[in-house]
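Read through the structure below, which is laid out as structure tokens, and then see the notes.
Proteins come first, then strands; the chains are lettered A, B, ... in the order of their sequence lines, and each starts at number 1.
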Amino acid sequence: MHDIRAIRANPAAFDAALARRGMAPATPAILALDTERRAFQTRQQEALSRRNALAKEIGQKKRGGEDTTALEDEARELRNLIEATDELGPKLEFMLASLPNILDAEVPDGADETANVVLHQHGEPVRIEGAKEHYQLGEALGLMDFEAASRIAGARFVVLKGALARMERALGQFMLDLHTGSHGYTECAVPLMVNDAAAYGTDKLPKFSEDLFKTTDGRWLIPTAEVPLTALNMGEIIPEPHEPLRYTALTPCFRSEAGSAGRDTRGMLRQHQFQKVEMVSICRPEDSEAEHERMTHCAERVLTELGLSWRRVFLCSGDTGFGAARTYDLEVWLPGQQAWREVSSCSNTRDFQGRRMNTRFKRGKETVFIHSLNGSGVAVGRALIAVMETWQQPDGSVIIPPVLRPYMGGLEKLG
RNA sequence: GGACAGGUGGCGGAGUGGUCGAUCGCGCCGGUCUCGAAAACCGGAGUACGUGCAAGCGUACCGUGGGUUCGAAUCCCACCCUGUCCGCCA
């Protein structure tokens, strides 16, 4: 959500920010609507004010037994204006709610992912003679079953079995333990279904409803734990967070993947349902930049400990998500696919979600919108893929990374 | 799912269709007193929007959304949430 006062004060700056996202100027329409709405509101408030005065006078006169018909008639005449619904306000709000966040000044310009900037790389892109992709390995081991999944649910689902199912669980536990034990995050078990307000507050609505699954009773399956975690203090004025509030959760995530038909159809890279460990920080405006770096480090550590090759990518203006001011993607190297693939995305939304959710804190006299950040720490399904492809052996078995073995009863190898 | 009882300002808790944005208590902030503190006393404190250079003024908000009325925290309807009991159930 955007600050209408800021737009009024400097429309050119706002349009310039939109231009960085390749969007046409929006302020002429916004300001026209805003002016019209304020005029309407002023007129309506004047009518209300008059009516309140009349009602008060009527009350007093009635008590004195005086005739009040003339006053009542006048009050009745104000009805049209008083009861007129403000159609402009919601329209303006929808307009503002549909515009993406303002990008950080440092975000590199560019139309699409080809303009993203690699900031850092850990490890080398591994070349393995005769490397297989994760689904080849998984199916050959008899631990990954796409046929069964499509039989019972449809495309873009998978069934994991045996030690591989356990390894998925181990990955989630390992990540959670790392973030809660070493990174200061508080583990949360959260609803996997949320209402409109939570989805709107985390900028999934109104623009992206087609990406979500909706329940028959009007709720939404969460596309990421970012939604419930960020919305935990929705609508509240919280104590000033001198230290950022850090939440983490391991949850299934549900995505309709509308619009990605035909993309990544093989394997479990892009599913309707996957496990993910999410990190969310709620903090003061002056802390969000440092928190963003910190959070990204937390995610990177997961990948390093799993023995994966990864790189940090600074998303360009054209690739940065709707709600984000600044985003780092972490890409992991998949030796089977011979490609870098996203396993984490860490974003600073600044006060964009805070405004939508109306989460604030008090500082002296002023009420300040919180800043919120979210990052995958990391996507479990994709981490599983990376582990399989990275740790695969020529015989089709997969070495289990040492950090996961305690979670797998000491097992050292799949197959 | 059924039957009750509720949802009021940070918390507790009043509230009659008409000077109610809302008595009061606690907590909070400022002050007086004190060497200092406590107690006591005095005073101040909600959020959002509009309007104005500003002081200020106005409007809305008593779970949410409708309705009745000149006027609704108060009456009516629907929904949501909480509590208790019953039924069902992982």
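A donor-acceptor pair shorter than 3.5 Å can be found between the side chains of A/D203 and A/Q353. Between the side chains of A/T224 and A/K276, at least one donor-acceptor pair of N or O atoms lies under 3.5 Å.
Here the two rings, on A/H371 and A/F352, have centers that are 6.0 Å apart or farther.
For A/S49, taking side-chain heavy atoms from C-beta onward, the closest of the listed nucleotides B/rC70, B/rA48, B/rG58 is B/rG58. Taking every side-chain heavy atom of A/R51 into account, B/rC70 is the closest of B/rC70, B/rU59, B/rU19. Candidate nucleotides B/rC70, B/rU19, B/rG58 were compared by shortest atom distance to the side chain of A/R79, and B/rC70 ranks first. Each of B/rU51, B/rU19, B/rC70 was ranked by its minimum atom distance to the side chain of A/K56; first place goes to B/rU19.
Between A/D86 and A/R37, at least one side-chain nitrogen of the basic residue sits less than 4.0 Å from a carboxylate oxygen of the acidic one, meeting the salt-bridge criterion. Between A/R156 and A/E257, none of the side-chain N atoms (NZ, or NE/NH1/NH2) sits under 4.0 Å from a carboxylate O, so this pair counts as no salt bridge.
Within 4.0 Å (heavy atoms only), A/R5 reaches sugar-phosphate atoms of the nucleic acid but no base atom. Within 4.0 Å of A/R360, counting heavy atoms only, lie sugar-phosphate atoms of the nucleic acid but no base atom. Nucleic acid contact class of A/N358 (heavy atoms, under 4.0 Å, all strands): none. As judged by a 4.0 angstrom heavy-atom cut-off over every strand, A/R8 is placed among residues touching the sugar-phosphate backbone only. Using a 4.0 Å heavy-atom distance criterion, A/A55 is classed as a base contact. Across all strands, A/L48 comes closer than 4.0 Å only to sugar-phosphate atoms, never to a base (heavy-atom distances).
Across all strands shown, nothing is found opposite B/rU69 as a Watson-Crick or G-U wobble partner with both distances under 3.5 Å. With both pairing distances under 3.5 Å, B/rA22 is matched to nothing as a Watson-Crick or G-U wobble pair. A 3.5 Å limit on both hydrogen-bonding distances identifies no Watson-Crick or G-U partner for B/rU74. Look at B/rU82: its Watson-Crick or wobble partner, with both distances under 3.5 angstrom, is B/rA5. If you check B/rU51 for Watson-Crick or wobble pairing at under 3.5 angstrom, you find it paired to B/rG56. Figure legend. B/rG87 is base-paired to no nucleotide; pairs are counted as Watson-Crick or G-U wobble with both atom distances under 3.5 Å. Under the Watson-Crick or G-U wobble criterion, with both distances below 3.5 Å, B/rA14 is left unpaired in every strand shown. In this structure B/rC41 sits in a base pair with B/rG31, meeting the Watson-Crick or G-U test at under 3.5 Å.
Going from the P atom of B/rG27 to that of B/rC42 covers 15 Å, rounded to whole Å. B/rC20 and B/rA60: their P atoms are spaced 15 Å apart (whole Å). The P atoms of B/rA22 and B/rA3 are separated by 39 Å, rounded to the nearest whole Å. Straight-line distance between the C1' atoms of B/rG66 and B/rG18: roughly 23 Å, to the nearest whole Å. Taking atom P in both B/rC75 and B/rU16, one finds a spacing of 8 Å when rounded to whole Å.
One finds no side-chain N or O of A/R38 lying less than 4.0 angstrom from the OP1 or OP2 phosphate oxygen of B/rC49. In this model, the phosphate group of B/rU59 is not approached by any side-chain N or O of A/R50 to a distance below 4.0 Å at OP1 or OP2. A close approach under 4.0 Å does not occur between any side-chain nitrogen or oxygen of A/T42 and OP1 or OP2 of B/rG50. Between B/rG18 and A/N52, no contact under 4.0 Å exists linking OP1 or OP2 to a side-chain N or O.
Between A/L269 atom CG and A/F274 atom CZ the span is 10.5 Å, to the nearest 0.5 Å.
Residues A/V343 and A/E331 have side chains not in contact (no heavy-atom distance under 4.5 Å, counting atoms from C-beta outward).
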